[in-house]
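Working notes, structure below.
When a ligand or atom number is given, it counts from 1 through the structure's own listing order. Residue numbers start at 1 and run along the sequence shown.
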Amino acid sequence: MDVIHSVAALRERLQREPNNVFVPTMGNLHAGHIQLINIAKPRAECTVVSIFVNRLQFGPREDFERYPRTFEADCAKLRAAGVDVVFVPDEKEIYPEPQTYVVEPSDLQHILDGAVRPGHFRGVATVVLKLFNMVSPHSAIFGKKDYQQCLVLTNMVRQFALPIEIILAETVRAEDGLALSSRNSYLSPEERREAPRLYQVLKSARDQLAAGARD
Ligand code: PAF
């Protein structure tokens with residue numbers, strides 16, 4: 001597995017790999033990420049994973065500074081999963097100058113998660129477009145856990161006519177139903193016990209809708 005830090009070295013390495021599939025991440029990898037890699041691997045000769053905590057998608061009062069960074073453990077998991085190339089740029093590599101050109105997603109960015117995280121999806125779409133330009137994959141895999149992100153990125157790829165297939169993977173859950181997430185480590189034991197109720201409530205709403213409830 002090659003661990004690469006610069007865009008120039010990445011491009012040189014991937015020149016030999018016209019057929020590559022891409023899994024962008026912010027690190028602190030868990031079984032959900034490994035599932036994305038398992039879906040990616042059979043689709044291409046070269047599987048590329050990026051680890052980059054993207055400041056642009058964090059609000060000023062969000063958790064950019066304390067977002068868990070676990071590079072060594074992540075590399076061990078990626079190696080075991082059979083990843084070929086890991087791209088771990090630092091901030092200057094992705095943003096050598098202030099990012100004044102950005103991807104402005106549709107109004108979809110202002111609802112749901114976007115309503116409480118202004119600018120979040122602009123930051124996500126902008127960094128993913130940059131990463132796509134650096135990696136030039138033929139496919140990229142994202143988890144449905146971040147469903148709004150999946151819609152924003154699918155729309156971006158379609159509207160900019162990028163030659164990249166977006167593949168969406170099912171959410172991986174703990175046994176009690178909580179979706180795996182790097183941020184679950186922020187939960188206190190009490191919050192962790194309570195968190196799976198979200199999934200129970202969503203499932204119950206889905207079942208009631210399917211049974212015809214409309215109130
Ligand atoms: O889902 C994530 O981890 C991030 O939003 C992504 C897609 C890697 C962009 O920073």
Problem - Side chain, backbone, both or neither: T25 near ligand 1, heavy atoms under 4.0 Å - result: backbone
Practice task
Identify whether NZ of Lys or CZ of Arg in R173 sits under 6.0 Å from the centre of the six-membered ring of Y199 and within 45° of that ring's axis.
Solution key: yes
Exercise for the section: Output, in order, the C-alpha distance, side-chain angles, deciding distance and verdict of side chain to side chain donor-acceptor pair (under 3.5 Å) for H138 and N19. Expected result: CA-CA 7 Å; H138 64 64; N19 176 359; 2.6 Å; yes
Practice task
Check each atom of ligand 1 against the heavy atoms of Q57 and keep those under 4.0 Å away; list them by number with element.
Solution key: 4 (C), 5 (O), 9 (C), 10 (O)
Practice task
Would you check whether N54 has a nitrogen or oxygen atom less than 3.5 angstrom from a nitrogen or oxygen atom of ligand 1?
Solution key: no
Practice task
Please write down residue, atom name and distance for the protein heavy atom closest to atom 3 (O) of ligand 1.
Solution key: M26 CG, 3.6 Å
Problem - Numbered atoms of ligand 1 (with element) below 4.0 Å of V127, judged on heavy atoms - result: 9 (C), 10 (O)
Problem - D113 (side chain) donor-acceptor with Y147 (main chain) under 3.5 angstrom - result: no
Practice task
Determine, step by step, whether Q109 and Q148 satisfy the side chain to side chain donor-acceptor pair (under 3.5 Å) criterion, reporting the C-alpha distance in whole Å, the side-chain angles of both residues, the deciding distance to 0.1 Å, and the verdict.
Solution key: CA-CA 8 Å; Q109 68 172 316; Q148 195 172 3; over 6 Å; no
Problem - Geometric cation-pi criterion, R69 with F64: 6.0 Å, 45° - result: yes
Problem - Q149 neighbourhood, listing ligand 1 atoms whose heavy-atom distance to it stays under 4.0 Å - result: 1 (O), 2 (C), 4 (C), 5 (O), 7 (C)
